[in-house]
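To keep things clear, I will list the structure first and then write my remarks on it.
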Amino acid sequence: MRALELALVLGLGILICMPVLLLFCGSLADGLEWMERMEPMLLDNMEYIGWKWIPDYPTLENFKELLFLTPEFLKLFWNSVKIAVFILAGQLLVGTPSAWAFAAYDFKGKNILFSIYVILMLLPFQVTMLARYLVLNGLGLLDTHAAVILPAVFSTFPVFLIYRGFRGIPKDLYEVARIDGAGEFLIFLKVGLPLAEGSVMAAFVLGFFEVWNLMEEPLAFLKDMSLWPLSLYLPEIGAAQAGRACAASVLALVVSLLVFGIFRDSLEQGIVSSALKG
């Protein structure tokens, strides 16, 4: 039974990882090999597209071309870094105190306001796109990175996730800190943040994955292609540059894998902690 479970888990793991393996293998194939593989599709005949896990002549030419001979790729890469850094910093600065206020204090209309937060979290971008566009246009922020950054800073998701971490802290600790003479800000800084660190880190990591892959917001609010993030560069690569498209996807994926690898323990602990305290 144990062997069957292990085989099932390994099989599912290989199946889930297969697209990543296909991308990596495809990134090592040169243009001529890709043209040979894609010939049935390009010629629109009835033959099947060929595929090889290991290219006949593996090469790093696609990575070299992207990193050293494609300035627009690096430009969009750093656009993604800039957008992600400002959004995540803003979410932590805005969302963490907001979550603390909901969890630590009782005030009139608290439940109604928090319910509105949850409803806003469930609304897809397509529902709020027109309202955002009109507001950003009125503020003169369209076609600037601020048009993507500012709405995301006030996202309700990190507030909801961090709130669940703060809510699990016994309120008796706050009273003890107040008796000892600590002010509200010091209680938040010395009691709330350390005990809810897992939830804050989980919100940070999950927020990064969402921000790094933004597509709809930049496409709707940024007309200047030089302002686009890396996620909008990938669809611009045609079929003739399939190897370069795979290489670009691998490089974009590497960043997410690095973030996940560095903060994996914090992410797992934060999700488990929020679930148990919810």
Take atom [atom1] of [X] as the centre, draw a 6.0 Å sphere, and report whether it contains more than 12 heavy atoms from other residues, nucleotides or ligands.
X	atom1	result
K110	NZ	yes
F185	CZ	no
I112	CD1	no
F114	CZ	yes

Report the distance from atom [atom1] of [X] to atom [atom2] of [Y], rounding to the nearest 0.5 Å.
X	Y	atom1	atom2	value
E217	L136	CD	CG	11.0 Å
Y133	F221	OH	CZ	9.0 Å
S115	L120	OG	CG	11.0 Å
I187	L193	CD1	CG	12.5 Å
L195	I169	CG	CD1	4.5 Å
L139	L150	CG	CG	8.5 Å

Kindly work out whether a path of hydrophobic side-chain contacts (I/L/V/M/F/W/Y, heavy atoms less than 4.5 Å apart) joins [X] to [Y].
X	Y	result
L74	V250	yes
M215	L76	yes
V254	I262	yes
F209	F263	yes
L88	F154	yes

Ignoring hydrogens and angles, state whether a donor on the side chain of E184 or Y174 is under 3.5 Å from an acceptor on the partner side chain.
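On atom types as modelled, these side chains do not qualify, holding no pair under 3.5 Å.
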Given 3.5 Å as the limit, does a donor-acceptor pair link the side chain of [X] with the main chain of [Y], or not?
X	Y	answer
Q91	A152	yes
W228	K223	no
D224	D143	no
N62	A247	no
T59	L28	no
T156	V118	no
T70	E65	yes

Between [X] and [Y], is any pair of side-chain heavy atoms under 4.5 Å apart?
X	Y	answer
P158	L161	no
L251	F73	yes
L222	T144	no
L8	L12	yes
S199	F166	no
F188	T96	yes
L206	F157	yes

Could you tell me which non-hydrogen atom of [X] sits nearest to which non-hydrogen atom of [Y], and how far apart they are?
X	Y	result
A99	V159	CB-O, 3.5 Å
A220	F125	CB-CZ, 4.1 Å
R132	P151	NH1-CB, 4.0 Å
P229	L214	CG-O, 4.1 Å

Just do the side-chain contact (heavy atoms from CB on, under 4.5 Å) check on F77 and V255 with the steps written out, would you?
CA-CA 10 Å; F77 175 85; V255 178; 3.9 Å; yes
Step through it carefully: locate the ring centre of F68, locate the ring centre of F63, and say whether they are under 6.0 Å apart.
no
Check ion pair E72-K75 (N to O, under 4.0 angstrom)
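No, no charged N to carboxylate O under 4.0 Å.
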Can a salt bridge be assigned to the pair D106 and K171 using a cut-off of 4.0 Å between side-chain N and carboxylate O?
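Salt bridge present between D106 and K171.
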L134 vs L130, side-chain contact (heavy atoms from CB on, under 4.5 Å): CA-CA, chis, key distance, verdict
CA-CA 6 Å; L134 294 175; L130 179 58; 4.3 Å; yes
Using the side chain to side chain contact (heavy atoms under 4.5 Å, CB included) definition, which of the options N79, I83, L227, L141 pairs with V148?
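By the side chain to side chain contact (heavy atoms under 4.5 Å, CB included) criterion, V148 pairs with just one of N79, I83, L227, L141: I83.
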Using the ring of each side chain (for Trp, its six-membered ring), is Y163 parallel, tilted or perpendicular to F102, with breaks at 30° and 60°?
perpendicular
Please work out whether the ring planes of W212 and F208 are parallel, tilted or perpendicular, with thresholds of 30° and 60°.
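Aromatic pair W212/F208 classed parallel.
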Carefully, step by step, assess Q126 and E216 under the rule side-chain contact (heavy atoms from CB on, under 4.5 Å).
CA-CA 9 Å; Q126 292 81 359; E216 295 174 323; 2.7 Å; yes
